[in-house]
Participant: 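Input: one structure, supplied below.
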Amino acid sequence: MQDYLKGLNERQREAVITTEGPLMIIAGAGSGKTKVLTTRIAHLMNKGVDAFNILALTFTNKAAAEMKERVEHILANREARNLYIGTFHSVFARILRAEAHRLGYPNAFTIYDTDDAKSVVKAVTQELNLDVQHYKPNAVYNRISGAKNALVGAKEYTTDYYLQQEDMRANRPMIGHIYDAYQKRCFKNGAMDFDDLLFKMYELLKTFPEVLHKYQHKFKYILIDEYQDTNPAQYEIIKLLGAVSENVCVVGDDAQSIYSFRGATIQNILQFQKDYDEVKVIKLEQNYRSTQTILNIANEVIKNNKGQIPKTLFTENSAGEKIKLVRTMTDNDEGKFVADQIQEMRLRNHFKNKEFAILYRTNAQSRSFEESLRRANIPYTIYGGISFYQRKEIKDYIAYLRIIVNPKDEEALKRIINYPVRGIGKTSIDKAILAANERNISMWEVLEDAGASGFRAGTLQAVEEFVLMIKSFHSMLGVKNAYDVAFHVGKQTAFVKELFNDKSTEGVQRYENVQELLNSIKEFTETPASEESGEVGDKSLGAYLQQITLLTDADQKDPDADTVKLMTIHAAKGLEFPVVFVGGLEEGLFPNAMSINTRDELEEERRLFYVAITRAKGRLYLTYANTRYKFGQLQQADASRFIEEIPTEYLDKAFAGGGVKNQGSSKLMGSAFERMNRGFGGGEKSEKSFVSTLIGGNGKPKETAHTPSANFIPSDISKLEEGMRVEHQKFGFGNVVKLEGSSHNPVATIKFEANGEKKIMLNYAKLMIVPNAN
DNA sequence: TCATAGCTACTTTTT
DNA sequence: GTAGCTATGA
C-alpha cells in the first residue's frame with residue numbers, strides 16, 4: 001500500500017481509490033474531507049494521470065491554495081503546479097479569457113466586482129427613466145444575480161410568465177428590462193460580472209461544441225469541493241464538462257449548506273444521483289476534529305431540521321469540556337468578556353493567539369470585539385472587511401490600468417476621467433454618455449472623436465489631452481511588462497503625486513497602499529508562469545487585473561499569523577480552531593431577522609449555527625448580550641432560540657453572570673420580563689421600572705438620551721478623583737464611584753443618574769469634571 | 001466646474 | 001456610525 005493511504009480510515013481510503021466513475025462523498029464536519037480530496041488527487045497522479053487532466057473546483061481561493069499545497073506535499077515533486085485547481089470563478093475566468101472572443105467579448109474583458117455592477121445597474125435604471133428609489137440598484141442587482149445563477153437570461157426573464165407575475169406583485173415590473181439593458185451595457189463595456197463568469201461559461205460550452213469537446217477531453221477527472229453550495233449554473237457546467245469521462249467526484253455535506261442566498265441548492269446533491277447511472281456514494285461519518293460534547297450539541301441542534309441526508313457523526317475523541325454559555329449586558333461587555341477570557345487562557349493555559357477564533361453572523365458585529373481586543377493588546381485579524389483592492393486609492397489606480405487594457409470599460413473611465421481634476425465635470429461626462437448611447441458606441445469612442453460632440457473649447461482640450469495620455473499608456477502594453485506599465489502610469493498621472501503630498505496619517509497610509517499595489521504587480525510579473533496559475537503563462541496586465549478582482553480579503557491575509565481571528569461564520573467554513581467564541585446569539589441577529597420568514601430560511605440559519613459549532617476542536621463559548629447597538633442606538637434582544645435547542649446537560653452557565661440568574665430563576669419571571677419588554681418597544685414609559693432594577697438598571701430599550709451642556713469641554717482626566725461629579729457626552733451626569741486600572745489605562749466606575757453604573761475607559765471617553773461638585 | 005457641509009438610508013451572509 | 005448623495009456657495 002502506498003504510504004499516503006496509510007493514514008486513512010476505511011471509508012476515506014475507499015473514497016480515494018475509487019477513481020473511475022461518478023462518486024459522491026457525503027462528508028460530515030471534521031471528517032477529513034480535505035485530506036480525502038488531496039490524497040485522491042495525489043493518488044490519481046501516482047496512477048499516471050497527467051496533472052493537466054485534473055480539474056478541482058473550490059469556492060474560495062484559500063481552499064484551492066491549501067489543496068494545492070497539500071497535494072504538493074504528498075507528492076513531494078513539482079508536478080502539482082500543473083493541476084487546474086481554483087475557484088469556479090477563477091477557473092472559468094481563465095477559460096473565458098482564452099475563448100471570450102467567440103462570444104463577442106474582448107479576451108481582455110474586465111471583471112466587474114459588485115460595486116461596478118451596481119453602478120451599472122443604477123446607470124441603466126436611470127437611463128430607462130425609472131426611479132432609483134423604487135428600483136433600488138442593490139435589490140435589482142440581487143434579482144439579476146439570482147436569475148443568472150439559475151441560468152435565466154434577460155430574454156427568458158422578460159418572457160417568463162411566473163417571473164413577470166412575481167415582479168408585478170412586487171410592483172417592480174420593469175426589472176426584466178433593467179436586466180436586459182444591464183446585460184447589453186456590460187457587453188458594450190466589454191465586461192462580465194461575477195455571475196457572468198458562470199453564465200457565459202455555460203453559454204460558451206452550449207454554443208460551441210468544439211469548445212465543449214476540447215474541455216471535456218482536457219478535464220478527464222473532475223473534483224468538486226463544497227458541493228452543497230453549488231448553484232444550478234455551476235451544476236450544469238460540471239454536468240457538461242463531465243459528460244464524456246463521467247469521472248466526477250463531488251464532496252459535500254447537506255448539513256453545511258449555507259449559501260442558498262447565492263442561488264445554491266441542495267437539490268444538486270439529489271439530482272447528482274439521478275444524472276448518472278451508477279453513482280457510488282460514500283459517507284464519512286467519523287469526526288476527527290471536535291470533542292464528544294461539541295459533536296453532541298451539533299447533532300442535537302441539526303436534528304431540528306427536517307430532510308437531512310441520514311448520517312450520524314461520531315468521534316473517538318474525549319468528552320471534553322462543557323459548552324460555556326455567556327450572557328452579558330451589552331455588546332461591549334460581550335467583547336470585553338471574550339477579550340478577558342482570551343487573555344486568561346493565554347496566561348493560564350498558554351494558548352497562542354492563533355488558536356482563538358471569534359465568529360459572528362454579521363460583519364457589523366466585529367466592532368465591539370475588535371475594540372476589546374485592541375484595548376487588551378491582543379493581536380487580531382479581521383476577515384471580511386473591505387479588501388485591499390476595494391480601497392479608494394487602489395480602485396482609482398486600477399481604474400487607470402483597466403481603461404488602458406479595455407478602453408470600453410465605462411465604469412473605469414467614469415472613475416478617473418476627472419480624477420485628478422482636469423476640468424471634465426459632470427455635465428461633460430453626462431454629455432459623453434448620452435452621445436455614446438445615441439450613437440451606440442462606447443464612451444471612450446465618443447471621447448476619441450471629441451470634436452464631433454460639441455464640448456466647450458476648454459473641455460474639448462482637456463478631453464483631447466486625456467485621450468492622448470491614455471493612448472500613450474495603451475501603446476506601452478505590447479512593449480513593456482505589467483509592472484513597467486503600471487509604474488509609468490503612476491509617474492505620469494498627477495494623482496499619485498497628490499497622494500504623496502498628503503502628509504496626514506491617512507494620506508501616508510494611502511500612499512503606502514499604492515506602493516503595495518505596485519509591489520503586488522511586480523510580484524505577479526516576476527513569478528514564473530506555471531507557478532500559481534496552472535499552465536498558460538499569461539503575465540499581461542489584463543491577466544493581473546482579472547485575477548485580483550476575484551481575490552477576497554481572506555486571500556491577502558496569512559492564516560498562520562499568530563493573531564486571534566475574527567470572521568463571519570460564512571467565512572469560517574472549512575476552518576477549525578482549538579477555541580471558538582460564537583457571538584451575538586440573539587433573536588433577530590442569529591437567527592437573523594431577515595431569515596426567519598420561511599422554514600427553509602430558518603433551517604439555513606440553523607445549519608449556519610451548526611457550522612459555527614463544528615469549527616471548535618476543544619472549547620466552545622456561546623455568547624449573547626441583553627442589549628446591543630444597532631444603527632447607533634441601544635436595542636433590546638432576547639436569547640437566540642438556538643440556545644434552547646442545546647440540552648442543558650452540555651452547558652456550563654457559570655459564566656452567564658447576573659443575566660442568567662434572571663433567566664434561570666423562574667420561567668414565569670423570564671416570560672414576564674419578555675412580555676414587559678415587548679410592551680416597552682415603542683413608547684416612552686417611565687425610566688425606572690421593576691424590570692430595569694432587576695437586571696441592573698439597563699432594561700430600557702434605549703439609553704436615556706443626554707444632550708451635552710453647551711460649554712462641554714473634556715477635562716484633564718488625570719485630575720479625576722473618586723467622588724467627583726462628572727458629565728459624559730452620552731450618559732449624562734454621574735458620580736465617580738471607583739478609580740482603577742493601570743496609570744496608562746485608567747478605568748473609572750461612574751454611577752450615572754440616568755443610565756446607571758458604567759465602567760469608563762478614561763483614555764477613550766470624554767468626561768467633563770463638573771466644577772461645583774463637592 | 002468644484003469643494004464642502006449636511007442629510008439619509010442602511011446591515012445578512014460572498015465569488 | 002458611515003458611505004454616498006444633494007444642495008449650496010465660490
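Only a predicted model underlies this, so the values are computations on that prediction, with no experimental measurement involved. Atoms considered below: every heavy atom in the structure, side chains included; atoms not considered: hydrogens, waters and symmetry mates. First the proteins, then the strands, lettered A, B, ... as listed; each starts at 1.
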Participant: In whole Å, measure the gap between the P atoms of C/dG4 and B/dT13 for me.
Facilitator: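 About 16 Å, rounded to a whole number of Å.
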Participant: Would you check, one step at a time, whether the test side-chain hydrogen bond (donor to acceptor under 3.5 Å, both in side chains) holds for A/Asn268 with A/Thr230?
Facilitator: CA-CA 7 Å; A/Asn268 288 353; A/Thr230 52; 3.0 Å; yes
Participant: Remember a base hit wins even if backbone is also touched, and classify A/Asn138 as base, sugar-phosphate or nothing at under 4.0 Å, heavy atoms.
Facilitator: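 Counting heavy atoms under 4.0 Å across all strands, the contact made by A/Asn138 is with sugar-phosphate only.
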Participant: Map A/Gly384 and A/Thr459 onto DNA chain B by nearest heavy atom, then report which one ends up closer to the 5' terminus.
Facilitator: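 It is A/Thr459, whose closest nucleotide lies nearer the 5' terminus.
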Participant: Please name all residues satisfying ring-ring contact (aromatic ring centres under 6.0 Å, His included) with A/Phe369, sequence neighbours left out, ordered by chain then number.
Facilitator: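 A/Phe369 satisfies ring-ring contact (aromatic ring centres under 6.0 Å, His included) with no other residue.
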Participant: Taking any heavy-atom pair under 4.0 Å as a contact, classify A/Lys392: base, sugar-phosphate, or nothing.
Facilitator: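 The residue A/Lys392 makes no contact with any strand.
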Participant: Mind checking A/Phe88 for me? I need base, sugar-phosphate or nothing, with any heavy atom below 4.0 Å counting as a touch.
Facilitator: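 Counting heavy atoms under 4.0 Å across all strands, no contact is made by A/Phe88.
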Participant: Under a 4.5 Å cut-off applied to non-hydrogen side-chain atoms, are A/Tyr112 and A/Asn189 in contact?
Facilitator: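 The answer is yes, as the side chains (C-beta and beyond) meet within the 4.5 Å cut-off.
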Participant: For A/Thr427, report the nucleic acid contact type (base, sugar-phosphate, nothing); a contact means any heavy atom under 4.0 Å.
Facilitator: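 Result for A/Thr427 = sugar-phosphate.
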Participant: Mind running side-chain hydrogen bond (donor to acceptor under 3.5 Å, both in side chains) on A/Lys148 and A/Gln183 for me, showing each step along the way?
Facilitator: CA-CA 11 Å; A/Lys148 284 191 203 169; A/Gln183 217 48 35; 3.2 Å; yes
Participant: Can you spot which of A/Ile258, A/Ile569, A/Leu622 makes a side chain to side chain contact (heavy atoms under 4.5 Å, CB included) with A/Phe609?
Facilitator: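 Among A/Ile258, A/Ile569, A/Leu622, the one meeting side chain to side chain contact (heavy atoms under 4.5 Å, CB included) with A/Phe609 is A/Leu622.
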Participant: Figure out the NZ/P separation between A/Lys118 and C/dA3, and round it to whole Å.
Facilitator: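 So the two atoms are 15 Å apart, to the nearest Å.
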Participant: Which pair of non-hydrogen atoms, one from A/Ala572 and one from A/Leu359, has the smallest distance, and what is that distance?
Facilitator: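 Distance-wise, the nearest heavy atoms are CB-CD2, 3.7 Å.
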Participant: Below 4.0 Å from chain A heavy atoms, what is the first contacting nucleotide of DNA chain B and what is the last?
Facilitator: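 Extent of the interface on DNA chain B: B/dT1 to B/dT15.
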Participant: Let me know, please, whether A/Ser428 or A/Asn592 comes out on the 5' side of the other along DNA chain B by nearest nucleotide.
Facilitator: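 Going by which nucleotide is closer to the 5' end, it is A/Ser428.
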Participant: If you look at every heavy atom in A/Arg641 and A/Pro591, which pair is closest and at what distance?
Facilitator: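 Looks like NE-CG, 3.7 Å.
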Participant: At 4.0 Å (heavy atoms only), tell me whether A/Asn61 reaches a base, stays on the sugar-phosphate, or touches nothing.
Facilitator: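 No contact at all - A/Asn61 keeps every heavy atom at 4.0 Å or more from the nucleic acid.
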Participant: With heavy atoms under 4.0 Å as the rule, sort A/Asn418 into base, sugar-phosphate or nothing.
Facilitator: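 The answer is sugar-phosphate, as A/Asn418 gets under 4.0 Å only of primed atoms, P, OP1 or OP2.
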Participant: Provide, to the nearest angstrom, the distance between the CD atom belonging to A/Gln133 and the C1' atom belonging to C/dT6.
Facilitator: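 In whole Å, C/dT6 C1' and A/Gln133 CD are 12 Å from each other.
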Participant: Quick one: is C/dC5 close enough that its OP1 or OP2 comes under 4.0 Å of any side-chain N or O from A/Lys122?
Facilitator: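 Indeed, a polar side-chain atom of A/Lys122 lies that close.
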